[in-house]
Amino acid sequence: MEKIKNIVLDYGNVIFMIDFVKLKAAFTQLGIKNVDAVFGHHGQSELFDNFDKGKIDAAQFRDGIREITGNAALSDAQIDAAWNSLLVGVPQGNHDLLMQLKDNYRTFLLSNNNAIHYAYCMNDIQQKYGVADNEAFFEKTYYSHLVGMRKPDAEIFELVMQEQQLRPEETLFIDDSPQHLATAQRLGWHTALCTKEKPLKLLLEEFKLL
């Protein structure tokens with residue numbers, strides 16, 4: 001890792017914790033019978049892909065959920081509450097880690113996100129930590145719904161590389177999804193898998209990046 005100059009970080013379950021079990025329960029209660037086939041850690045249906053890429057807005061997404069459930073009476077608030085149920089929050093210390101990294105490396109955020117989750121997350125960190133958004137922690141942030149691309153597609157990694165003039169051999173990508181890491185590896189990036197057993201702080205210490 002002595003050659004690493006750039007660190008690109010995922011958001012969900014790397015910086016901001018999420019819980020797919022909570023989402024599955026909430027979606028099941030909403031009336032989605034095959035949650036795992038519709039949305040999960042390793043894949044999702046076209047509705048969620050399109051929302052992540054900003055191809056549809058929040059209103060169209062909610063209408064898609066009503067169609068999946070077969071319940072046109074579901075309110076926006078009910079859908080948003082279920083969709084946001086997986087969002088846990090940023091553990092104490094993670095923002096400090098990001099500032100330490102920024103002092104020594106070029107750091108970037110690369111997140112699959114969407115309008116509803118983004119609004120919730122930014123409000124959450126503002127309420128808990130007094131920061132408006134993630135801009136202070138990174139040189140630049142890349143959110144899928146704002147750039148029109150999402151991981152694991154190579155084009156979003158290439159966008160970051162080209163815009164920031166990153167050399168793959170000098171770049172480390174940290175994510176919690178193996179399929180996203182696989183794309184980065186094919187492009188020549190170094191990669192690290194963030195897990196519950198090996199959260200961001202332990203990972204950075206193991207790679208001697210702090």
Checklist entry - How far apart are the C-alpha atoms of Lys33 and Thr69, what are their side-chain angles, what is the distance that settles it, and do they pass the side-chain contact (heavy atoms from CB on, under 4.5 Å) test? => result CA-CA 8 Å; Lys33 297 177 181 178; Thr69 60; over 6 Å; no
Taking only residues two or more places apart in sequence, or in another chain, which ones meet [X] in a ring-ring contact (aromatic ring centres under 6.0 Å, His included)?
X	answer
Tyr118	Tyr143, His145
Phe61	Phe48, Phe51, Trp83
Tyr129	His95
Phe138	none

Are [X] and [Y] within salt-bridge range, i.e. N to O under 4.0 Å?
X	Y	value
Lys151	Asp10	yes
Lys196	Asp176	no
Lys128	Asp124	yes

Checklist entry - Sequence neighbours excluded, which residues qualify as side chain to side chain donor-acceptor pair (under 3.5 Å) partners of Gln29? => result none
Checklist entry - What residues form a side chain to side chain donor-acceptor pair (under 3.5 Å) with Asn94, not counting sequence neighbours? => result none
Checklist entry - Which residues pass the side chain to side chain contact (heavy atoms under 4.5 Å, CB included) test with Ser85, sequence neighbours left out? => result Leu23, Ala26
Item to check | Residues in side chain to side chain contact (heavy atoms under 4.5 Å, CB included) contact with Ala192, at least two apart in sequence or another chain | outcome: Leu172, Ile174, Leu203, Phe207
Under 3.5 Å, side chain of [X] to main-chain N/O of [Y], donor-acceptor pair present?
X	Y	answer
Thr183	Pro152	yes
Asn84	Asp80	yes
Ser177	Gln179	no
Ser75	Gln78	yes

Gap between atom [atom2] of [Y] and atom [atom1] of [X] - 0.5 Å precision:
X	Y	atom1	atom2	value
Arg150	Leu110	CZ	CG	11.0 Å
Asp153	Ile156	CG	CD1	8.0 Å
Glu205	Leu200	CD	CG	9.5 Å
Met149	Asn112	CE	CG	12.5 Å
Phe108	Thr141	CZ	OG1	10.5 Å
Phe137	Asp96	CZ	CG	8.5 Å

Beyond-backbone contact of [X] with [Y], side-chain heavy atoms, under 4.5 angstrom:
X	Y	result
Leu193	Leu181	yes
Ile7	Leu9	yes
Asp52	Asn113	no
Tyr11	Leu109	yes

Report yes or no: do [X] and [Y] belong to one cluster of Ile/Leu/Val/Met/Phe/Trp/Tyr joined by side chain heavy-atom distances under 4.5 Å?
X	Y	answer
Met161	Val8	yes
Ile4	Leu202	no
Ile15	Tyr120	yes
Leu87	Ile116	yes
Tyr142	Met122	no

Item to check | Lys102 atom NZ, over 12 foreign heavy atoms within 6.0 Å | outcome: yes
Under the salt bridge (Lys or Arg N to Asp or Glu O under 4.0 Å) test, which residues partner [X], sequence neighbours left out?
X	answer
Glu67	none
Arg66	Asp63, Asp76
Arg186	none

Checklist entry - Would Val88 and Ile18 count as a side-chain contact (heavy atoms from CB on, under 4.5 Å) if you check the C-alpha gap in whole Å, the side-chain angles of each, and the deciding distance to 0.1 Å? => result CA-CA 5 Å; Val88 178; Ile18 59 179; 5.5 Å; no
Item to check | Any pair counted as salt bridge (Lys or Arg N to Asp or Glu O under 4.0 Å), so long as it reaches residues 159-169, sequence neighbours left out | outcome: Arg167-Glu169, Arg167-Glu170
Item to check | Evaluation steps, side-chain contact (heavy atoms from CB on, under 4.5 Å), between Cys194 and Asp175 | outcome: CA-CA 6 Å; Cys194 197; Asp175 199 294; over 6 Å; no
Item to check | Working for salt bridge (Lys or Arg N to Asp or Glu O under 4.0 Å), residues Glu206 and Lys198 | outcome: CA-CA 9 Å; Glu206 178 180 296; Lys198 191 171 288 185; 2.6 Å; yes
Item to check | Worked check of side-chain contact (heavy atoms from CB on, under 4.5 Å) between Ile56 and Leu47 | outcome: CA-CA 8 Å; Ile56 60 174; Leu47 173 68; 3.6 Å; yes
Next on the checklist: Checking side-chain contact (heavy atoms from CB on, under 4.5 Å) between Thr171 and each of Thr191, Leu187, Leu166, which is the one that passes?
Outcome noted: Leu166
